[in-house]
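What follows is a short report on a single structure.
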Amino acid sequence: MLQNYREPNVYSKVTRRQPRVPETIVDLYPFVIGTGMENFAYENFTAEVTLAANETSITLPDVTNDDVVVEVSVFNGTVKLEGVTFELSEENVWKVTLTAAVSTEAETVLTVKYGIANKDRYKLQRFTGETADIEKFYGPIYDEAEGKINNISFGASIALESGSPVVYVLQIPSTTKEEETLADNYAAALEEYAVEVAGSPFWRIQPVDSDEKINEVIAEFTKEMSSVEERAEKFFGVNNIGAYDKTTPNEVIENFVSFINKYLNNTKKYDAYRMQTIYPNKAIYTFSTSSGDIDKEVGGEFIQIAIAGVEQSLDRPSQSLTNSVIPAGIFKSLVGVKMKRKQKNELAAYGVTILTQTTEGGNITIRDSLSMDVSDEQVSDPCVTRALDHGSKYVRGQLHPYIGKYNIEEELIAKAQASATTAFATLVQRNIFKSANITDIFQNEDDLNNLIIAARVGVLYPLKTIDVNIVCE
């Protein structure tokens, strides 16, 4: 049967008001991705279990093979049994084996305490405001039992602590299959959870693990997502781990020049203007533990996350991070080679964002916010790219409701032009653009399903220098 049959005739419908294209907030939040604690017990349980006579193993109650058990303790009365092991058996049940001496002449009632990992820890999450929520989900920022930093929890907490109201977080497994690397885990996680996210609400991608392969994976992902086809613009705060072991200014400069040129010269593969690298790229952070404060050296990836948080605290997307500060109290001190101003300037001239700190525990100043492509003022400061990405997303959002609902004719062209004009005017009013005007709008003769809107926008360039010319007479 033909669905929705209508008699052949002429039909009309009167619309008394132009459809309103709703304004939506454009989100460009930080996205923190990487490894963390895998043995963190998100939920803890206690149960009484009967050990049968002459048996040395028990099955955990109310646990499925989909659960991940991360810790088990067994008590006979008040005595904790030693040498307890647990595993997911071939029968797909969580089995606990007892190697300590337990009376087997009769049934023995044991108390079992066990923890289950968070099933959602390897899925994309959104957090707002409280770092305590992050630690509750991923575990403490410092794993005292292992004596090491819980990267994902620490990184996500830094994003909020430094100023971002929202952070998107994705933990990935630290273990790899045979012939695979951690970078492969990054690639798989990005494809699975960061490609088709409604509204593409995050912009700056910040990994909590550093190696060259991970850098390349994220650089490629950033370029691909920022393409016209994908329409999910991204930016990457990349850490140059090769600078860690350089001990003289000249060594540092030479290393960064080589590092940046790798990404800058291969323009078919990477977009260096969508990347930012920093120096110094190590810092000291003070972790609070049950036994007191511990100072630990942390990599530049965590400083980059702090920068991403500061970026979110700025008044507008077109505002530069230049002369902004990572708030006092986050990092105790920066770790790097002492440089003269001339040497810092040389690094900056190649596209390195220089950080400075005058007192221990004080503010860390972003001396000049630069991308890794300083060939032109339209790409050298990330704020220009950020403003253009913000504007592009906003205008697309205002015009999208017309897709598929209208035919290309004069009335539609007038409506689309009005919506685009309003959208660009709003961006100018919000100080995203300095100016904007539509120069043309027409149906594409080579693709008749396509409407082309040509616009010119004035970029709001950040003030970087002031020359005061004093003439003595």
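In this chain, residues are counted from 1 in sequence order.
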Would you confirm whether S57, through its side chain, and T97, through its main-chain N or O, come within 3.5 Å as a donor-acceptor pair? no

What residues, two or more places apart in sequence or in another chain, satisfy side chain to side chain contact (heavy atoms under 4.5 Å, CB included) together with N323? T365

Please report the interatomic distance CG(D271) to CG(D373), rounded to the nearest 0.5 Å. 9.0 Å

Under 3.5 Å donor-acceptor pairs involving side-chain atoms of residues 201-214, not counting sequence neighbours:
from, atom 1, to, atom 2, distance (Å)
W203, NE1, D389, OD2, 2.8
R204, NE, E311, OE1, 3.0
R204, NH1, Q276, OE1, 3.0
R204, NH2, Q276, OE1, 3.2
R204, NH2, E311, OE2, 3.0
Q206, OE1, G237, N, 3.3
Q206, NE2, G237, O, 3.2
D209, OD1, T35, OG1, 2.7
D209, OD1, N151, ND2, 3.3
D209, OD2, T35, N, 3.0
D209, OD2, T35, OG1, 3.4
D209, OD2, Y186, OH, 2.6
S210, OG, N239, ND2, 3.2
S210, OG, E301, OE1, 3.1
D211, OD1, K213, N, 3.0
D211, OD1, I214, N, 2.7
E212, OE1, K262, NZ, 3.0

Does some side-chain heavy atom of L355 sit less than 4.5 Å from a side-chain heavy atom of I307? yes

Quick one: closest heavy-atom pair of A348 and I354, and the distance? CB-CG1, 4.5 Å

Ring pair (Phe, Tyr, Trp, His ring centres under 6.0 Å) evaluation trace for F40 with Y138: CA-CA 7 Å; F40 172 62; Y138 295 106; 8.7 Å; no

Of all heavy-atom pairs between L170 and K123, which one has the smallest distance, and what is that distance? CD1-C, 3.5 Å

Does a donor on one side chain and an acceptor on the other come within less than 3.5 Å for S419 and Y402? yes

Is there side-chain contact between N39 and D143, with at least one heavy-atom pair below 4.5 Å? yes

Tell me, with the steps shown, if V96 and V74 meet side chain to side chain contact (heavy atoms under 4.5 Å, CB included). CA-CA 9 Å; V96 179; V74 182; 4.1 Å; yes

Salt-bridge test for D133 and K136: reply yes if a basic N is under 4.0 Å from a carboxylate O, no otherwise. no

Going through the distances and angles, do Y168 and F127 end up as a ring pair (Phe, Tyr, Trp, His ring centres under 6.0 Å)? CA-CA 6 Å; Y168 283 81; F127 292 92; 9.4 Å; no

Flag side-chain contact, heavy atom, 4.5 Å: V252 against M339: yes

Would you please test Y29 and F31 for ring pair (Phe, Tyr, Trp, His ring centres under 6.0 Å) and show each step? CA-CA 7 Å; Y29 293 117; F31 172 39; over 10 Å; no

L190 vs V195 side-chain heavy atoms within contact, under 4.5 Å: no

Quick one: do E233 and R396 make a salt bridge, cutoff under 4.0 Å? yes

Examine distances only and state if a side-chain atom of N118 and a backbone atom of Y42 form a donor-acceptor pair shorter than 3.5 Å. no

In short, D27 meets K393 closest at the heavy-atom pair O-NZ, 3.3 Å

How many angstroms lie between atom CD1 of I158 and atom OG1 of T131, to the nearest 0.5 angstrom? 9.5 Å

Is E130 atom CD crowded by more than 12 heavy atoms from other residues, nucleotides or ligands, each under 6.0 Å away? no

For a 4.5 angstrom cut-off between non-hydrogen side-chain atoms, does V310 reach V325? no

Residues K344 and T356: side-chain donor-acceptor under 3.5 angstrom: no

I need the single residue from K269, K234, R274 that forms a salt bridge (Lys or Arg N to Asp or Glu O under 4.0 Å) with E220. Which is it? K269

Please check: side-chain N/O of S226 versus main-chain N/O of K223, any donor-acceptor pairing under 3.5 Å? no

Run the side-chain hydrogen bond (donor to acceptor under 3.5 Å, both in side chains) test against S288 and tell me which residues pass, sequence neighbours left out. D293

Can you name the residues that form a side-chain hydrogen bond (donor to acceptor under 3.5 Å, both in side chains) with S174, not counting sequence neighbours? E38

Where is the tightest heavy-atom contact between I303 and P280, given as atom of each residue plus distance? CD1-O, 4.0 Å

Nearest heavy-atom approach of V169 to A156 is CG2-CB, 3.7 Å

Rounded to the nearest 0.5 angstrom, the CG-CG distance for L321 and D368 is 10.5 Å

Counting only heavy atoms not in Y244, do more than 12 fall under 6.0 Å of its OH? yes

Spatial distance of atom CZ (F236) from atom CZ (F221) [nearest 0.5 Å]: 12.0 Å

Interatomic spacing from NZ in K80 to NZ in K113 - rounded to 0.5 Å: 9.0 Å

Can you tell me how the ring of F256 sits relative to the ring of F259, calling it parallel under 30°, perpendicular over 60° and tilted otherwise? perpendicular

Any residue meeting side-chain hydrogen bond (donor to acceptor under 3.5 Å, both in side chains) with N240, in chain and number order, not counting sequence neighbours: N255

Less than 4.5 Å apart, any side-chain heavy atom of F287 and any of I149? yes

Spatial distance of atom CZ (R430) from atom OG (S318) [nearest 0.5 Å]: 12.0 Å

Would you indicate whether the side-chain heavy atoms of S371 and T385 approach each other to under 4.5 Å? no

Is a side-chain donor or acceptor of S164 paired with a backbone partner of V167 at a separation under 3.5 angstrom? no

Output, in order, the C-alpha distance, side-chain angles, deciding distance and verdict of side chain to side chain contact (heavy atoms under 4.5 Å, CB included) for Q304 and N281. CA-CA 9 Å; Q304 288 274 22; N281 58 346; over 6 Å; no

Heavy-atom closest contact (A423 atom, V395 atom, distance): CB-CG2, 4.2 Å

Six-ring centre of Y142, K148 cation under 6.0 angstrom, axis tolerance 45°: no

List for me each residue that meets side-chain hydrogen bond (donor to acceptor under 3.5 Å, both in side chains) alongside E144, sequence neighbours excluded, and say none if there are none. S290

Y193 vs Y122, ring pair (Phe, Tyr, Trp, His ring centres under 6.0 Å): CA-CA, chis, key distance, verdict: CA-CA 9 Å; Y193 293 107; Y122 297 136; 9.3 Å; no

Which of these passes ring-ring contact (aromatic ring centres under 6.0 Å, His included) with Y114: F75, F45, W94? F45

Side chains of E251 and T247 only: does a donor on one sit below 3.5 Å from an acceptor on the other? yes

In this structure, are over 12 heavy atoms from other groups packed under 6.0 Å from D295 atom CG? yes

Check whether any side-chain heavy atom of V70 lies under 4.5 Å from a side-chain heavy atom of I116, and answer yes or no. no

